[in-house]
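Here's the structure we're looking at; comments come further down.
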Amino acid sequence: MKNILFINASPYRNGATDKIFSVLTENTDKTKFVCKTINLSDYNIMYCTGCTSCYQTLECCLKDDLAGIINEMEKADAFVIISPSYWADITGQLKVFIDRFTPFCNTHFPRACLPEGKKGFAIALRTGQNPGECLHIIESINHFYGHLDIYTEDNYSIYFCGIERKSEITDNLKEKIKQFAELINASV
Ligand SMILES: Cc1cc2nc3c(=O)[nH]c(=O)nc-3n(C[C@H](O)[C@H](O)[C@H](O)COP(=O)(O)O)c2cc1C
């Protein structure tokens with residue numbers, strides 16, 4: 001069995017993001033994958049202080065819940081990160097999470113590393129209609145994957161515009177999410 005870690009950046013439970021996640025996980029092949037979901041807002045993740053001591057120590061000096069999440073990430077074969085647009089960007093929870101991976105960033109050496117061979121998928125949603133905002137969110141998530149050497153491809157992402165509430169996840173959109181789950185089933 002392979003492990004998929006779903007990382008939910010929305011702090012709102014039972015909203016549109018949760019609905020997309022539940023359709024996605026329902027359609028993930030349970031004979032092939034063990035799925036685990038992390039709702040970032042359930043965890044105490046402190047802000048990076050910019051001290052850069054991690055450049056020498058290869059670990060963050062802040063002690064909080066991040067270590068447990070890194071432990072889950074080490075076990076995962078693939079990640080699916082989903083973020084709604086908050087002010088045209090990823091949510092604050094996801095930004096704080098990403099900043100704390102500076103010890104793992106491949107722009108400096110030595111650095112901490114996750115085990116090789118992981119794949120990264122991204123999902124964005126927003127209320128407005130212009131896709132540019134969702135593409136920016138996906139780019140931020142893929143930037144994170146790239147600096148951690150997590151493999152991704154152009155079609156490893158989807159986005160949804162015009163979504164404010166979970167009731168707006170129509171059958172049409174559920175079908176799109178199902179197809180994305182099938183891509184994950186086939187690619188991981
Ligand atoms: C604080 C906040 C900021 C938001 N900013 C934007 C925005 O800049 N652009 C946009 O299209 N939608 C914005 N939205 C709408 C959310 O992206 C949208 O409602 C999404 O479906 C929320 O997902 P949820 O139901 O999981 O909370 C914002 C929502 C909140 C709560």
Side-chain angles (χ1 to χ4, degrees), residues 3-28 30 33-49 64-66 68-70 72-73 76 78-101 119-146 150 152 154-185 188:
N3 294 294
I4 304 185
L5 189 61
F6 294 87
I7 298 177
N8 183 356
S10 175
Y12 183 61
R13 293 285 66 78
N14 206 20
T17 311
D18 279 5
K19 184 69 195 169
I20 291 170
F21 244 6
S22 65
V23 176
L24 188 66
T25 50
E26 273 162 27
N27 287 284
T28 310
K30 304 296 180 317
F33 302 118
V34 176
C35 299
K36 181 167 175 125
T37 299
I38 285 180
N39 297 311
L40 288 178
S41 59
D42 291 345
Y43 293 81
N44 172 32
I45 305 172
M46 289 188 264
Y47 295 118
C48 170
T49 62
D64 57 16
D65 294 344
L66 192 75
I69 299 179
I70 292 172
E72 292 297 336
M73 290 177 74
F79 308 109
V80 183
I81 299 180
I82 182 167
S83 180
S85 172
Y86 272 19
W87 287 86
D89 221 314
I90 55 175
T91 62
Q93 285 80 1
L94 183 55
K95 179 71 171 95
V96 171
F97 170 80
I98 288 175
D99 286 350
R100 291 287 303 286
F101 278 82
K119 294 184 174 175
F121 299 82
I123 306 175
L125 64 148
R126 67 171 298 210
T127 299
Q129 294 292 347
N130 186 336
E133 217 169 280
C134 285
L135 292 172
H136 169 66
I137 288 169
I138 287 166
E139 195 181 331
S140 296
I141 296 169
N142 286 344
H143 180 265
F144 169 67
Y145 287 147
I150 295 165
T152 191
D154 285 348
N155 68 341
Y156 282 10
S157 60
I158 47 166
Y159 61 84
F160 303 91
C161 297
I163 302 295
E164 186 158 20
R165 298 181 184 85
K166 66 175 179 177
S167 58
E168 287 154 0
I169 309 295
T170 57
D171 286 349
N172 217 10
L173 295 185
K174 284 181 193 160
E175 189 52 38
K176 192 174 165 188
I177 301 163
K178 196 174 163 197
Q179 282 170 14
F180 194 63
E182 280 161 11
L183 171 80
I184 294 172
N185 292 338
V188 179

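Indexing begins at 1, ligand by ligand and atom by atom, following the structure's order. Index from 1, following the sequence. No hydrogens, no waters, no symmetry mates; every other heavy atom, side chains included, goes into these values.
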Tell me which donor-acceptor pairs under 3.5 Å the side chains of residues 131-140 have, and how far apart each pair is, sequence neighbours excluded?
| residue | atom | partner | partner atom | Å |
| --- | --- | --- | --- | --- |
| E133 | OE1 | R126 | NH2 | 3.0 |
| E133 | OE2 | S85 | OG | 2.6 |
| E133 | OE2 | R126 | NE | 3.3 |
| H136 | NE2 | D89 | OD1 | 3.3 |
| H136 | NE2 | D89 | OD2 | 3.3 |
| S140 | OG | H136 | O | 3.2 |

Any donor-acceptor N/O pair, D65 side chain to N44 backbone, under 3.5 Å = yes
ask   = Tell me, which residues have any heavy atom less than 4.0 Å from some atom of ligand 1?
value = S10, Y12, G15, A16, T17, P84, S85, Y86, W87, A88, L125, R126, T127, G128, E133, I163, E164
request  = Give a yes or no answer on whether the side chain of K30 reaches the backbone of T25 with a donor-acceptor pair at less than 3.5 Å.
outcome  = yes
message = Parallel, tilted or perpendicular: which one describes the rings of Y145 and F79, with boundaries at 30° and 60°?
response = parallel
inquiry  = Looking at D18, is its backbone amide N or carbonyl O close enough to the side chain of R13 to form a donor-acceptor pair, meaning the two atoms are under 3.5 Å apart?
reply    = no
message = Which label fits F144 and F101: parallel for a plane angle under 30°, tilted from 30 to 60°, or perpendicular past 60°?
response = perpendicular
